> 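Below: one structure in structure tokens.
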Protein chains: 2
Amino acid sequence: MDPRRLDQTFAALADPTRRAILARLIDGEATVMELAEPFAMSQPSISKHLKVLEGAGLISRGRDAQRRPCRLEAKPLAEANEWLERYRAIWEGNFLRLDALLDELQRVTPPSKSAPGKKR
Amino acid sequence: MDPRRLDQTFAALADPTRRAILARLIDGEATVMELAEPFAMSQPSISKHLKVLEGAGLISRGRDAQRRPCRLEAKPLAEANEWLERYRAIWEGNFLRLDALLDELQRVTPPSKSAPGKKR
DNA sequence: AGGCTATATAGCTATATGGCTATATATGGG
DNA sequence: CCCATATATAGCCATATAGCTATATAGCCT
């Protein structure tokens, strides 16, 4: 509901490294080292990405000795999905395009000044 | 499929102004002026947002005299949705947590050095 | 205690983003 | 042809982001 939450969620998802980290976490918890391993990137950079993900509520972290295992928190993804759902009808093409409908009506009732035609 | 596409899509969605513009476009085409009207923001700023949306393939633009009506293009949203779908099982809670399962197994077969326990 | 491992923080740089104002471009209409 | 309207571009500023290296912190282990 909070728009800031969506901002953070989408911003966090707008980076391939972070999406890859989330994908990795589908298989379960992982430490920072494990998450960093596939990337040609310094450990601090990964920590920074994790901070962004944590800030967006997309991961949470436990404590296992000196390790800070990361776990996926999918709730913000559910909210993002909920936002996207409003557009499903459109991308599925089941959507009765309002302007197409208007074009149709204009073909029956020719356009006037107060109802200018739309270009297609 | 192209990760850059997802980058652009999510980045475009990470701004409340742009999400509001997309929401407005559900109801059909709108001109830049119409889109700008609800916001306490200059017209050039709106144009910039529209450029971002266009760059992400989220809108396309026609020509109606000196107007450049914007129309929603939902395909990138479908791709974003597709990406999110991989996580649906998790946020719906139907997911058999792999690490929870491992904890369970460890309770049966006590932990050894090679298989350290996970903290919860 | 001291060292090793895992992670975080600090501080730097380069680039990107989002806003503004001022100005340029495009197009229909009188 | 000129004007008004709609939109885009340029140029500026402030802040954010993504990367780096170097260093600090935390916690096990001997």
Side-chain angles (χ1 to χ4, degrees), chain A residues 3-4 6-21 25 29-56 58-71 111-119, chain B residues 3-4 6-21 24-25 29-56 58-71 111-114 116-119:
Chain A
R4 287 190 198 175
L6 270 183
D7 288 7
Q8 286 185 296
T9 301
F10 283 128
L13 296 181
D15 181 286
T17 303
R18 289 194 290 261
R19 288 198 306 277
I21 288 173
L25 289 176
E29 286 190 358
T31 67
V32 177
M33 291 292 275
E34 287 165 352
L35 291 174
E37 191 270 327
F39 301 100
M41 198 180 291
S42 67
Q43 169 264 316
S45 297
I46 297 293
S47 279
K48 228 183 205 176
H49 281 303
L50 294 175
K51 208 172 190 175
V52 173
L53 289 170
E54 193 173 17
L58 283 163
I59 64 171
S60 63
R61 335 199 50 178
R63 169 72 76 181
D64 172 21
Q66 64 263 190
R67 264 143 271 143
R68 305 292 313 277
C70 301
R71 104 168 25 230
S112 67
K113 263 218 184 89
S114 55
K118 294 265 172 70
K119 283 284 166 53
Chain B
R4 286 190 198 175
L6 270 183
D7 287 8
Q8 286 184 296
T9 302
F10 283 129
L13 296 181
D15 181 286
T17 302
R18 289 194 289 262
R19 288 198 306 276
I21 288 173
R24 166 59 237 274
L25 290 176
E29 286 189 359
T31 67
V32 177
M33 291 292 276
E34 287 165 353
L35 291 173
E37 190 270 326
F39 302 101
M41 198 180 291
S42 68
Q43 169 264 317
S45 296
I46 296 293
S47 280
K48 229 182 206 176
H49 281 302
L50 293 176
K51 207 171 190 176
V52 173
L53 290 169
E54 194 173 18
L58 283 162
I59 64 172
S60 63
R61 334 197 51 176
R63 168 72 76 181
D64 172 20
Q66 64 263 187
R67 265 143 268 142
R68 306 290 315 275
C70 301
R71 102 168 27 230
S112 69
K113 264 217 182 92
S114 56
K118 295 263 171 67
K119 281 285 165 52

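Lettering follows sequence order; numbering is per chain, from 1. The model shown is predicted, which means the values in this text are computed figures rather than measured ones. We use all heavy atoms of the structure for the numbers below, so side chains are in, but hydrogens, waters and symmetry mates are not.
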> Pull out every protein N or O sitting under 3.5 Å from an N or O of nucleotides 2-4 of chain C, one pair per line with the distance.
none

> Tell me which nucleotide among C/dG18, D/dG27, C/dA8 gets nearest to the side chain of A/Arg63.
D/dG27
> Go through the structure and list residues passing side-chain contact (heavy atoms from CB on, under 4.5 Å) with B/Met41, not counting sequence neighbours.
B/Thr17, B/Phe39, B/Ser45, B/Ile46, B/His49
> Quick one: side-chain contact (heavy atoms from CB on, under 4.5 Å) partners of A/Ala11, sequence neighbours excluded?
B/Ala14
> By salt bridge (Lys or Arg N to Asp or Glu O under 4.0 Å), which residues pair with A/Arg19, not counting sequence neighbours?
B/Asp7
> In Å, rounded to the nearest 0.5 Å, how long is the span from CG of A/Leu35 to CD1 of A/Ile59?
7.5 Å
> What is the separation between atom CD on B/Glu29 and atom C1' on D/dA6, rounded to the nearest whole Å?
15 Å
> Does B/Ser42 place a side-chain N or O at less than 4.0 Å from the phosphate oxygens OP1/OP2 of C/dG19?
no
> Just how far, in rounded Å, is C1' of C/dA8 from CZ of A/Arg68?
9 Å
> What does the list of N/O pairs under 3.5 Å between the protein and nucleotides 9-17 of chain D look like, with a distance for each?
from, atom 1, to, atom 2, distance (Å)
D/dT9, OP2, B/Lys51, NZ, 3.3

> Measure CG/A/Leu50 against P/D/dA18 and give the value in whole Å, please.
13 Å
> Not counting sequence neighbours, which residues clear side-chain contact (heavy atoms from CB on, under 4.5 Å) with A/Glu37? List them please.
none
> Near DNA chain C, under 4.0 Å by heavy atom, which residues of residues 30-39 of chain A?
A/Thr31, A/Val32, A/Met33
> By side chain to side chain donor-acceptor pair (under 3.5 Å), which residues pair with B/Gln43, not counting sequence neighbours?
B/Ser47
> Without decimals, in angstroms, what is the distance between B/Arg61 CZ and D/dA8 C1'?
9 Å
> List for me each residue that meets side-chain contact (heavy atoms from CB on, under 4.5 Å) alongside A/Arg61, sequence neighbours excluded, and say none if there are none.
A/Val32, A/Leu50, A/Glu54, A/Arg68, A/Cys70
> State the CG-CG distance between A/Leu58 and A/Leu13, to the nearest 0.5 angstrom.
6.0 Å
> Closest approach to the side chain of A/Val52, judged atom by atom: which nucleotide of D/dA18, D/dG19, D/dA6 is it?
D/dA18
> Could you walk me through whether B/Arg24 and B/Glu34 satisfy the side-chain contact (heavy atoms from CB on, under 4.5 Å) test, starting with their C-alpha distance in whole Å, then the side-chain angles of each, then the deciding distance to 0.1 Å, before giving a yes or no?
CA-CA 10 Å; B/Arg24 166 59 237 274; B/Glu34 287 165 353; 4.2 Å; yes
> Specify the separation, in whole Å, of atom CD of B/Gln66 and atom P of C/dT27.
9 Å
> Among B/Arg63, B/Arg67, B/Arg71, which residue meets the salt bridge (charged side-chain N to carboxylate O under 4.0 Å, His left out) test with B/Glu29?
B/Arg71
> Answer yes or no: does a side-chain N or O of B/Arg67 lie under 4.0 Å from OP1 or OP2 of C/dG28?
no
> Given atom CG of A/Asp7 and atom P of C/dG18, what is their separation to the nearest angstrom?
10 Å
